[in-house]
Amino acid sequence: MSDLHNRSQTSARRGDYVWQYEYYDDEEPVSFEGLKAHRYSIVIGFWVGLAVFVIFMFFVLTLLTKTGAPHQENSDSAEKRQQPGSCMVDFTVSQQRNEKAFSRPLLMGPHSYFHFYIKEEDQAEGTQRNTGATGVGKTHKDGGAQQGTCSQNGGTSYSGMDDIEEDVEAAGGHPSLKEIMDESKTDRECASLSPFNIPNYVNMEPNSTGADDTEDESSIVLERQSYPRDVCCDIH
Amino acid sequence: MDYNISMNTSSVVQSDCPEVRVPVSVFTTIGLVSLAENFLVVVAVIRNSNLHSPMYCFICSLAAFNTVASLTKTFETLMIAFADSGTLEKTGSSETKLDDIIDSLLCMSFVGSISSFLAIAVDRYITIFHALRYHNIMTMQRTRAVLAIIWSTCGLSAILMVRFFDSTFIMIYFVIFFLLSLAIICFLYIFIFMLARIHARKIASLPSSGGRRWQWRGSSMRGALTLTILVGTFVVCWAPFFLHLIIIMVCPTNPYCECYRSLFQLHMLLLMSHALIDPAIYAFRSAELRQTFRRMLLCSNWRQCV
């Protein structure tokens with residue numbers, strides 16, 4: 001009994017509390033004999049798999065840019081259903097204005113959006129960015145003065161990705177509330193135009209990577225004939 | 001992250017895969033830099049009333065979680081350094097409690113970061129696909145409610161995780177949560193990207209667009225690159241840690257698994273560096289936030305500046 005007592009006291013005294021970074025139990029040594037593959041094979045395999053995944057994802061995304069995707073109808077028809085038909089129309093035929101309608105496919109409703117999308121808030125910056133715009137869907141350079149507020153608001157509405165890349169120009173002058181409301185209204189009207197265009201477009205949706213242009217053009221001609229209107233720019 | 005009580009120092013295991021140790025200075029530097037960055041993001045969002053919108057609230061929440069993570073991790077690294085050098089007392093209960101608190105906070109911030117990524121992805125999805133109803137769907141009250149839910153869930157799950165860490169159920173839950181979030185995030189972003197490409201193609205194919213076709217290709221590449229960076233950094237920084245958890249559950253004694261586990265500190269370093277990278281890919285993309293930063297940092301008189 002005293003032996004036991006002595007032994008337990010000794011071990012308690014000799015006990016070292018080691019502050020370590022390990023989860024597993026150190027008292028069971030892992031045998032490293034007879035390993036067939038390299039020691040770090042799991043590590044290597046994991047990182048190779050991860051690299052392949054990321055590169056694969058990148059290539060899939062770049063391929064998607066060439067072929068497009070069939071989900072468009074669902075999302076666009078959903079957008080259309082959401083519209084209570086509030087589009088205010090002004091039946092003026094203008095090629096540039098229709099193009100501008102195309103440049104606003106999605107929308108610009110709330111002003112918090114402006115933080116997410118490209119926004120040109122003052123005219124001075126706006127014109128500069130207009131001339132310097134690089135991405136598609138930015139404000140048209142063609143129209144010039146007649147583009148009115150739609151193009152001035154600037155947002156590239158379609159692409160969250162492009163807007164993530166570009167600087168979100170919600171900074172600078174803090175626009176007054178009235179301006180923001182006007183812009184929102186304008187943008188909402190601009191946006192309400194687009195879903196009406198798209199159903200026609202859907203029928204002509206090209207599936208091949210090849211002759212996109214001709215098919216798109218013919219669909220655009222169809223649309224122009226059926227929806228010759230401009231919403232946005234007659235407001236100002 | 002845990003401490004191991006070893007009763008007999010002479011039986012330290014000599015393995016062929018020695019644990020890879022990252023110097024304390026590296027951990028501390030990364031921790032402090034990411035703490036400063038994320039804290040500045042939080043302060044900038046709070047101080048600038050332009051940034052009181054749902055999107056920025058989620059970015060601020062992400063930055064707050066990263067701040068907590070960086071702070072906790074740096075504190076823990078310093079504590080361990082002091083303990084190793086003998087400055088700290090290595091007694092039982094108070095160190096254990098402190099360690100538990102540190103673990104809870106770390107778990108909370110990990111779960112919170114993932115939830116914030118999810119919230120940001122859903123917010124962007126709603127922004128694009130329900131554009132006109134965005135203002136009605138995503139009101140500030142709902143945003144606050146979502147954030148309250150996220151924070152309370154994270155706190156609760158952190159406490160539960162640490163209390164019941166021994167049970168594998170918790171770890172399984174953690175891993176499933178991560179995989180599910182990853183799948184949802186990938187799905188949302190790719191959906192957004194596809195719609196963006198469709199519209200870009202439409203616009204590029206307009207007759208007057210002419211030379212825009214080339215610009216569109218360029219912007220498509222940039223979009224693909226941005227998305228790859230967003231999802232890629234998330235996966236690269238978080239997956240090693242979660243594989244570590246899986247390996248602990250599945251094969252604790254397998255030598256291959258042990259070699260993977262020996263890299264634990266490197267994986268924690270990756271997690272920390274994700275907190276460092278996050279502001280660059282989420283917060284600093286916004287010009288408004290960058291301007292707020294510049295005003296905050298360069299302006300001597302704070303009352304005038306912000």
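In what follows, every chain begins at residue 1, and chains take the letters A, B, ... in the order their sequences are listed. Just so we're clear, the structure is a prediction, and the values are computed from it rather than from any experiment.
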* To do: Apply side-chain contact (heavy atoms from CB on, under 4.5 Å) to B/Val22 and B/Met268, showing your working.
  => CA-CA 10 Å; B/Val22 177; B/Met268 284 301 284; over 6 Å; no
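Using the six-membered ring where Trp is involved, B/Phe241 and B/His244 have ring planes that are parallel, under 30° apart on the 30 and 60° scheme. Using cut-offs of 30° and 60° for the angle between ring planes, the B/Tyr125 and B/Phe191 rings count as parallel.
Only the side chain of B/Ile247 comes within contact range of chain A, judged by heavy atoms closer than 4.5 Å. For A/Phe46, the part sitting under 4.5 Å from any heavy atom of chain B is the side chain, from C-beta outward, and nothing else. Within the 4.5 angstrom heavy-atom criterion, no atom of A/Phe59 approaches chain B.
The backbone N or O of B/Leu230 sits less than 3.5 Å from a side-chain atom of B/Thr233, completing a donor-acceptor pair.
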